[in-house]
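Numbered from 1 within each chain, the chains take letters A, B, ... in sequence-line order. Computed over heavy atoms, backbone and side chain alike; hydrogens, waters and symmetry mates excluded.
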Protein chains: 2
Amino acid sequence: MATRGLTVTRAVREAILNGDYPGGGRMNEVELATTLGVSRTPIRAALSTLAAEGLLSYTPNSGYVVKSYTSQDISGIYDVRSTLEGLGTRLAAERGLSDAARGQLHKIVQDGAELVAGGVWNDAVAEAWEQVNNSFHRVMMEAAANPHLLFLMQKSREIPLLNQLKFRWHDFDVMARSQEDHATIFEAVTLRQVHRAEALACEHVFKSGARIVEHWRKTEVAKRPSGARSKVAA
Amino acid sequence: MATRGLTVTRAVREAILNGDYPGGGRMNEVELATTLGVSRTPIRAALSTLAAEGLLSYTPNSGYVVKSYTSQDISGIYDVRSTLEGLGTRLAAERGLSDAARGQLHKIVQDGAELVAGGVWNDAVAEAWEQVNNSFHRVMMEAAANPHLLFLMQKSREIPLLNQLKFRWHDFDVMARSQEDHATIFEAVTLRQVHRAEALACEHVFKSGARIVEHWRKTEVAKRPSGARSKVAA
DNA sequence: CAACGAAGGATTGCATCCAACCTACGACGC
DNA sequence: GCGTCGTAGGTTGGATGCAATCCTTCGTTG
């Protein structure tokens, strides 16, 4: 454990990404402080940080509220993510993979292939695939050797409730399809087929995004209670 | 004026971008507090925010230091910026310009054309061109109607000393060339030539980036004093 | 002479206290 | 009855004081 401020920041970030605080909800400082067992000071530091990260929006003298994302927002984010992923993959192909990176990606693709070859789909497989998937994209982006790109990609990944959705929209077919994509992308990068690698990576992420947007839209209809019209009822 | 925290954040951000605090330098909280005439509390809030924005890097129990950028970093940032600018322009072309956006861009391109037609280059023209240039990119990115993209683009713009360099690398030829680019990009977007618009915008920003990287590299050689070897001198 | 260690100063981290603001409820006047 | 003003509660903004940590420097020892 480092400082309380960092601990709180991580905890609150995780909680928001996990959906513990509903979109549009206000973050009460004293409530958070008592809940997490610290004073308001580290809480305020954390909120300020998370606001700068884009997870919260801040209004002076009013406080922080959790940003909510519409399916349009998600769609826009994936437009960006797919483009950046394409860029990163292209950069990796241009610069060529290091032996270490090639080794890691080779193992990752192999692990994915084994999961697919297993032919089963359960929570353990889903968890393992999640690991494989994340590793593939992370290693590829690191291979691009562009710190700024890495930074923006990490930012683009931080969307509340997205991780939970992942476990839902994954199924065996999706995994098999994605695994094929990974293998193809890896091949293109290895062969230094720059343009092909970029196009494949972009499309790969875009497809994932489209699936997520679809699911997001479905969950969207459920949460339209709104209405602050308790008076007219009487 | 809103809260002191916001005021301080803006002030310090401006100062950093302006180069008042050298890259790699430590930010002393009490020093900043006395300088700006506030207590450490808003200072700490500001530093935390700026660290999340990426302008400062933070080490627990050690404090904040100003991030320094090498020419490689700048190059990488412009790889990303040009790609995102291409994406934004493509989105604008796909969705089509609103009447308002088309009007604004038309006027901006016209203003730029007049500056070039003037045939002179002085501080006033440079300032006016700076306005035109910024407006063009801002309006175009807004026309893309992708909040997340806008957010990342603004982040990518915040690089210390970059604004000062701009006034140096601008000259009449560069302005004339850029003006042509703007006109062509505007035409492509208006005609809904999606791919052409993307390619032109990407290349346009990339060229600017290449120029900046070149200048950055030149300034880089000057600042290698380092060496904390005062003892051997005796 | 070099290297390790301890003490002091300096700086950051955190909690508490007070001030400013925003909001909501109630009273008063029209 | 309705609108408006005022006040009180609650929440955020900021300052200060103290604890904890780090860095530097000086002293000691091998």
Nearest-nucleotide comparison on DNA chain D, the residue closer to the 5′ end among B/R26 and B/P42: B/P42
N-O pairing of B/R211 and B/E214 below 4.0 Å: no
A/H182 and A/H137 aromatic ring geometry - parallel, tilted or perpendicular at 30°/60° bounds: perpendicular
Donor on one side chain, acceptor on other, A/T9 and A/T49, under 3.5 Å: no
Under-4.0 Å salt bridge between A/E14 and A/R10: no
Touch class at under 4.0 angstrom, heavy-atom based, for B/S62 against every strand present: sugar-phosphate
Short side-chain N/O contact from B/R40 to OP1 or OP2 of D/dG17, under 4.0 Å: no
Rounded distance (Å) that lies between atom C1' of D/dG13 and atom CG of A/L47: 13 Å
Atom pair distance, as rounded to whole Å: CG in B/L36 and P in D/dA15: 11 Å
Nucleotide D/dT16, atom P - distance to CD of B/E29 in whole Å: 15 Å
B/L32 CG - D/dA15 C1' separation (whole Å): 17 Å
B/E94 atom CD, neighbour heavy-atom count above 12 within 6.0 Å: yes
Interatomic distance where CD belongs to B/E31 and P belongs to C/dA10 [whole Å]: 14 Å
Given C/dA15, D/dG13, C/dT12, the nucleotide with the shortest approach to the side chain of B/R44: C/dT12
Nucleotide of C/dA15, D/dG13, D/dA15 approaching B/V38 most closely (side-chain heavy atoms): D/dA15
Integer-rounded Å distance: C/dC18 P and B/R4 CZ: 18 Å
Phosphate OP1/OP2 of C/dG13 contacted by B/Y58 side-chain N/O (<4.0 Å): yes
Euclidean distance, atom CG of residue B/N61 to atom P of D/dT21 [Å, nearest integer]: 7 Å
Per B/N28 side chain, nearest of listed nucleotides D/dT16, C/dT11, D/dT21: C/dT11
Short side-chain N/O contact to C/dA15 OP1/OP2 from A/S39, under 4.0 Å: yes
